[in-house]
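In what follows, every chain begins at residue 1, and chains take the letters A, B, ... in the order their sequences are listed.
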2 protein chains.
Amino acid sequence: MAAPTPTSAETVADPATPAFSPLYQQIKGLILQSLQAGEWKPGEAIPSEMELAARFRVSQGTVRKAIDELAAENLVVRRQGKGTFVSTHAEQHVRYRFLKLVPDSGAPEDLPAERKVLECRRTRASAEVARALQLRTGDPVVQVRRILSFAGRPTILEDIWLPGNTFKGLTAEQMAGHQGPTYALFELAFGVRMVRAEEKIRAVAAEEPQAALLALKAGAPLLSVERLSYTYNDVPMELRRGLYRTDGYHYRNELS
Amino acid sequence: MAAPTPTSAETVADPATPAFSPLYQQIKGLILQSLQAGEWKPGEAIPSEMELAARFRVSQGTVRKAIDELAAENLVVRRQGKGTFVSTHAEQHVRYRFLKLVPDSGAPEDLPAERKVLECRRTRASAEVARALQLRTGDPVVQVRRILSFAGRPTILEDIWLPGNTFKGLTAEQMAGHQGPTYALFELAFGVRMVRAEEKIRAVAAEEPQAALLALKAGAPLLSVERLSYTYNDVPMELRRGLYRTDGYHYRNELS
DNA sequence: CAGTGGTCTAGACCACCAA
DNA sequence: TGGTGGTCTAGACCACTGC
């Protein structure tokens, strides 16, 4: 910008933005819009800081601070000398970004989670599922039930609910056959990027239908992990309820 | 610094720092040293950015970036118009910084955790405890066992192990009688600030001695939360093993 | 080598807070 | 009112990457 009025909103390229907030926040918002509009696909590079600075008519430092925040939220990844890239669940250095279950014996290793899809069908949202996914009760949803095995042993029994409209046409074959994390499949096949998630964790006793699937006796303690995943703009896009065996594995968390 | 050699280490005030890293990282290290040396106590303000810039002979922007990182790690808290303050577990806006158990029914509320100390004694480190706390087997440790009750119901049974030398003289009366979080007591009485922690979470079945203390039948599922807390410099200072009831409460976690 | 992100500076001004 | 953190700029140089 030419005139020294850094805090005024109107100086920004896109006049539709009404916010009165720091310039870098507005820039962040604009980049975010391009991100969710799909202007740059997951794994691709976004324009360089200089380009963005020119596009938005602000200094490089301001763009930099905007991207800093996006990087802190794991929406983009910076690579020195190369550029800034849209985050993706594929080719993530940590194979499973949202899975915090690790073997008791040190390193997460490769965890070549074998997937077995038990069920994948269109159904209607229960009241509980509807509330979580911000749908109406009875709206179409896709439900998937599967078992993940580590080192040949069934370890996680998972139920997944997805909004039926967005995930129209998801098949058991896709869920079973794809490479890499399931969230990578969602990116490629449905253009849905899970950006953050909240988990509610409880200890529960295995009940009979599930216990058998995990090769356990009824009553055995299991970790119940209920995960609600969000895309951009805090839109919930997936509800997951996992039952984790924690003999030999544990859920690892870092606090600060 | 006068000459434009920003990346060289020797230009920094304290010549003892050998690192070859960005200037702001070195500054961060120096502030960190003052922090752990107790130059500023928890809750107190650290010098202003301008003062620190003058002390270290760098620009305000460089100090700023150093403090940014410290703030991101929750070691200090910035308050616009007032200053930057050393973090403390007392007067934390979230009463319990490391406790992620919340009631199923929405708001964390006040959670007036009633504490009942069952045991507080000096003993010797088992192999397992010694390994976690980086002591030798048989070294003196203080062990505390207590029950936390929420809304009058015993909910958490906790065993705590602390290095005996640092926590010499910790009494059951202190553990029971202090105001606010236990970590605030540790700051005040022993000058130990817990800065980050790692947790390993498992589902276990309640065994007999513990089940009774939590008013449960043996075999009931419990969340086992093993927490290793660190002070500055990644020195482990506390091992905690909690058994959480998760009927009515859950462990809440955010992923990104 | 050119292009990218990363660091550092110096100076201006803003927003907030307390006396 | 003066001091604090917060924002923004413009320009210089460094470190890494790939051609």
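Pairs passing the salt bridge (Lys or Arg N to Asp or Glu O under 4.0 Å) check and including a residue from residues 34-46 of chain A, sequence neighbours excluded, read A:E39-A:R55.
Using a distance-only test at 3.5 Å, with no hydrogens or angles considered, a donor-acceptor pair links the side chain of B:Q174 to the main chain of B:T171. Checking side-chain atoms of A:R97 against main-chain N and O of A:V195 turns up a donor-acceptor pair under 3.5 Å.
To the nearest 0.5 Å, the span separating CZ on A:R252 from CD on B:E198 amounts to 4.5 Å.
In this structure, CZ of A:F56 is placed 14 Å from P of D:dC8, rounded to the nearest angstrom. Rounded to an integer number of Å, the gap from CD of B:Q60 to P of C:dG11 is 12 Å. In this structure, A:Q25 places its CD atom 11 Å from C1' of D:dT7, rounding to the nearest Å.
B:E158 and B:R227 are not joined by a salt bridge, as no carboxylate oxygen comes within less than 4.0 angstrom of a charged side-chain nitrogen. A salt bridge is absent between B:E199 and A:K100: the closest approach of a Lys/Arg side-chain nitrogen to an acidic carboxylate oxygen does not fall below 4.0 angstrom.
The one candidate from A:Y96, A:F186, A:Y183 that meets the ring pair (Phe, Tyr, Trp, His ring centres under 6.0 Å) condition with A:H89 is A:Y183.
Among residues two or more places apart in sequence or in another chain, the side chain to side chain donor-acceptor pair (under 3.5 Å) test is passed with B:E187 by B:T88. Listed by chain and residue number, A:R193 satisfy the side chain to side chain donor-acceptor pair (under 3.5 Å) test with A:Y232 (two or more places apart in sequence, or in another chain).
Across residues 36-54 of chain A, not one residue has a non-hydrogen atom less than 4.0 Å from an atom of DNA chain D. Taking every heavy atom of residues 61-70 of chain B and every atom of DNA chain D, pairs under 4.0 Å involve B:R64, by number. A heavy atom lying under 4.0 Å from DNA chain C marks the following residues of residues 76-85 of chain A, by number: A:R78, A:R79, A:Q80, A:G81, A:K82, A:G83, A:T84.
Residues B:L223 and A:Y251 form no side-chain contact, since every pair of their non-hydrogen atoms from C-beta on lies 4.5 Å or further apart.
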